[in-house]
Amino acid sequence: MGTLLRRTHLCGDLDEENLNQKVTVTGWVRKYRDHGGVIFVDLGDKSGVIQLVFNPQLHKEVHSRARSLREGWVIAVKGRVTLRPSGTVNPKLKTGKIELMVEKMEILNVSRVLPFPIENEIQVSEEVRLKYRYLDLRREKMQKNLLLRYQVIKLIRDFLDKKGFIEIETPFLARSTPEGARDYLVPSRLNPGEFYALTQSPQLFKQMLMVAGFDRYFQIVRCFRDEDLRADRQPEHTQLDMELSFVEEEDIYNLIEEMFTFIFEKIQGITLQTPFPRIKYEEAMERYGSDKPDLRFDLELKNITHIQGLERFKVFQNVIKKGGQIKGIKVPEGVSLSRKDLEELTQRVTSLGAKGLCWIFVQKEIKSPLNKILSEETIKGIIKEMGAREGDVLFIVGDKKEIVAKALGNLRLYLATKFNLITSGYKLLWIIDFPLFEYDTEGNLIPSHHPFTSPKDEDIPLLKESPEKVKARAYDLVLNGEEIGGGSIRIHHRGIQEKVLNILGIDSLEAREKFGFLLEALSFGAPPHGGIAFGLDRLVMLLSGEESIREVIAFPKTQKGTCLLTDAPSKVTEEQLEELHLKVKE
RNA sequence: GGGGCCGUAGUUCAGUCGGUUAGAAUGCCUGACUGUCGAUCAGGAGGUCGCGAGUUCGAGUCUCGUCGGCCCCGCCA
């Protein structure tokens, strides 16, 4: 069945220039208002909304058919564009000065009653939205988010193309490597008992491309990790992956700063200040309690461990003895905090591993649980060290360095939100000088970034005796407190790569088995190279002002990794399992 | 693996100390209405209180289990 009426315009594109023209538009009935005589229909497509008028005196037949229209129906209408009568202009609509007097109508499809209205501000659970994602995506807001996503990707491609990069696809079905996140495994029908892993990132492939001499590679690529989900983490996420040969850190910083300046200029009309600030990992942890600090507000952490008299508090005494830290954070004008607030804050830090939270209300009569324990002089010392004034509140945590950072870093973010301290705008910065290794919970040495990251030249002699002191040639890009990218200069000498794998407890035999192809490639004249990868979902989320990456992904997964629209994952048939040489354990 | 919040009409929610026939708003249906745009007015329909078990004379309400959604910790080279 062909469509009789062919579209000539998009609904939202019509304006006064089209006055008196006969036009045909198509779209969905967004709103239906029947006044007994005249009927108004708001017809919408991806471009916007136009008001249709069905007048029984002018076009009786089409008016009577219009009476059956309902929200969500799909129609094509032909009519004349007219000015709205004076006093009936709708300033809320882009097309609010005009309307379409309908002469012909074709009903292209009907619709069941919609589970929620197709509007920007809807009050509906995410569960329902995801179940009917195709309706959710019909909303202007979601259309805008996905359009923005496309525009960002397009800008990236344009920019990198001009800079001499080419986009090369790498396999999704790859070898499972031991390090890192859990793999999604894919059974191999042709190789019984063997599995592919969906790539967590094209890391090794892109290094191979550098060995191959492509020099400047990028890819907009899906990456898979079988780990638990968060508001900013999905099991499949999209990455802008890049790698360059014959470069050092400065080359990467310059290129990326230029790229972001370009993107922000085009998307937001903002000129970013370059170079972006660079903060050493150590310093970020010290000042913000985070390796991805949000610099849109201050609230810095201050170390007060050295203040005389703190040891009179047993808890602090213990902390000092064990080489821990006592640090504080100052909330300007915080004295309005209630007992209930304090309880909530305490609960926050204890859930992060701290044993407790102390506070000092700086006012005429100082209010603090430390009043009875510490001397007046010590408390004054703290207030002075923190630079607090009357009306401020200080929060203090004493514990192991990592716990203090985590507790106060979290408090910092929470308090900034609570006291509305977060300014609008975009704060980009580099975090540099990461340690090459760290210890996991079982005390094993693991790479902070990944095992192919190059140590700093001057630290190479330290690799053997004190690997924990070795700094990496790695860098992260942070935007408004969100890690949006990270990368490193890679190891391009086989010997050093073997040494690093060794330190990680992967002996030569195992290294050769699992990473033999990499080691071999490095031994065939691998050029010095490095790169970076960006979380595209997070970037677009921040650019669109959303608080979850699910708002910028067309078909996201729930927190349990399921798709409410298609009901994936699902059981498969015995035959399928049989063919794959698999048996499901009950 | 753990902590927190939540699940009642299509949707968003209320539901007192465990007590009669589970309510509201909105949406939906029918009718009226010629300038609305959150249309208005009148009438009406609509419920597996997520599911299962238990306590009780009696459970939306209490207990246990289970399923599902969201936030967080762990995890995320």
Side-chain angles (χ1 to χ4, degrees), chain A residues 30-43 49-58 63 67 70-72 82 84-93 95-96 99 101 112-117 119 121-132 135 177-183 200-201 203-204 223-235 237 344 347-353 403 406-407 410 413-414 434 436-438 440-441 445-453 472 474 483 486-488 500-501 504 506 533 535 547-548 550 557-560 562 564 567:
Chain A
R30 300 275 197 237
K31 279 276 145 38
Y32 171 87
R33 295 179 294 277
D34 184 351
H35 283 252
V38 68
I39 294 170
F40 299 102
V41 167
D42 294 340
L43 190 71
V49 167
I50 179 78
Q51 172 164 283
L52 309 180
V53 182
F54 294 89
N55 191 316
Q57 285 178 342
L58 300 175
H63 170 269
R67 297 190 65 187
R70 291 296 179 268
E71 206 174 310
T82 60
R84 292 192 182 195
S86 64
T88 64
V89 166
N90 185 351
K92 284 185 232 163
L93 276 184
T95 60
E99 59 194 4
M101 306 297 287
R112 286 169 53 192
V113 173
L114 302 173
F116 50 85
E119 295 165 359
E121 305 301 324
I122 52 170
Q123 289 201 333
V124 72
S125 70
E126 203 169 340
E127 204 172 342
V128 175
R129 288 177 56 202
L130 289 177
K131 182 170 177 198
Y132 302 99
L135 296 178
T177 50
E179 303 290 321
R182 269 183 281 264
D183 282 327
Q200 294 182 25
S201 91
Q203 181 59 38
L204 292 173
C223 299
F224 306 88
R225 296 177 303 198
D226 188 6
E227 295 292 349
D228 287 5
L229 291 83
R230 290 280 194 286
D232 62 354
R233 271 160 42 186
Q234 285 270 309
H237 79 282
E344 199 193 327
Q347 220 229 315
R348 259 188 120 70
V349 297
T350 51
S351 78
L352 294 171
I403 290 180
K406 194 190 273 179
N410 184 289
L413 291 176
Y414 179 75
F434 284 89
L436 188 61
F437 305 107
E438 59 193 36
D440 69 7
T441 41
L445 210 58
I446 54 167
S448 316
H449 185 48
H450 59 52
F452 321 112
T453 302
E483 183 201 321
S488 62
V500 167
L501 290 174
L504 291 168
I506 301 170
E547 286 183 358
S548 163
R550 293 189 299 273
K557 304 267 190 297
T558 69
Q559 196 158 41
K560 284 219 172 101
T562 65
L564 294 179
D567 248 333

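Residue numbers start from 1 in every chain, and the chains themselves are labelled A, B, ... in the order their sequence lines are given, proteins ahead of strands. Because the structure is a prediction, the values reported are computed rather than measured.
Counting non-hydrogen atoms under 4.0 angstrom, A/Q347 reaches nothing in the nucleic acid. Heavy atoms of A/R550 sit under 4.0 angstrom from primed sugar atoms or phosphate atoms, though from no base atom.
A/V53 is linked by a side chain to side chain contact (heavy atoms under 4.5 Å, CB included) to A/V38, A/F40, A/Q51, A/E99, A/M101, counting only residues two or more places apart in sequence or in another chain. Partners of A/S351 according to the side chain to side chain contact (heavy atoms under 4.5 Å, CB included) rule, which considers only residues two or more places apart in sequence or in another chain, do not exist here. Evaluation of the salt bridge (charged side-chain N to carboxylate O under 4.0 Å, His left out) rule for A/E127 yields no partner, not counting sequence neighbours. By the side chain to side chain contact (heavy atoms under 4.5 Å, CB included) test, A/T95 pairs with A/I50, A/L93, A/I98, sequence neighbours left out. Remark: A/Q347 pairs with no residue by the side-chain hydrogen bond (donor to acceptor under 3.5 Å, both in side chains) rule, at least two apart or across chains. Scanning for salt bridge (charged side-chain N to carboxylate O under 4.0 Å, His left out) contacts around A/K406 gives an empty result, with sequence neighbours left out. With sequence neighbours excluded, no residue forms a salt bridge (charged side-chain N to carboxylate O under 4.0 Å, His left out) with A/E547.
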key: Under 4.0 Å protein heavy-atom contacts per nucleotide of nucleotides 24-37 of chain B, with B for base, S for backbone only and - for none   = ----SSS--BBBBB
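Pairing for B/rA42 is with B/rU30, a Watson-Crick or G-U wobble pair whose two hydrogen-bonding atom distances lie under 3.5 Å. Summarising the base pairing, B/rG35 is matched to no nucleotide, lacking a Watson-Crick or G-U wobble pair whose two defining distances lie under 3.5 Å. Within the shown strands, nothing qualifies as a pairing partner of B/rG58 under the Watson-Crick or G-U definition with both distances less than 3.5 Å. For B/rU63, the paired base is B/rA53 (Watson-Crick or G-U wobble, both distances below 3.5 Å). Base pairing of B/rG18: no nucleotide in any strand meets the Watson-Crick or G-U wobble criterion (both distances under 3.5 Å). Across all strands shown, the partner of B/rU12 is B/rA24, judged by Watson-Crick or G-U wobble contacts whose two distances both fall under 3.5 Å.
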Would you tabulate the pairs of protein nitrogen or oxygen atoms and nucleotide nitrogen or oxygen atoms of nucleotides 67-69 of chain B closer than 3.5 angstrom?
| residue | atom | partner | partner atom | Å |
| --- | --- | --- | --- | --- |
| B/rG68 | O2' | A/E127 | OE2 | 3.0 |
| B/rG69 | OP1 | A/T558 | OG1 | 3.0 |
| B/rG69 | OP1 | A/T562 | OG1 | 3.1 |
| B/rG69 | O4' | A/E127 | OE1 | 3.3 |

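For A/R348 and B/rG4, a side-chain-to-base donor-acceptor distance below 3.5 Å is absent, hydrogens and geometry of angles not being considered. Side-chain atoms of A/R225 stay outside donor-acceptor range of the base of B/rC76, with no qualifying N/O pair under 3.5 Å.
Here the nucleotide nearest the side chain of A/K406, chosen from B/rC71, B/rC75, B/rG74, is B/rG74.
Taking atom CZ of residue A/R233 and atom P of nucleotide B/rC71, one finds them 11 Å apart after rounding to whole Å.
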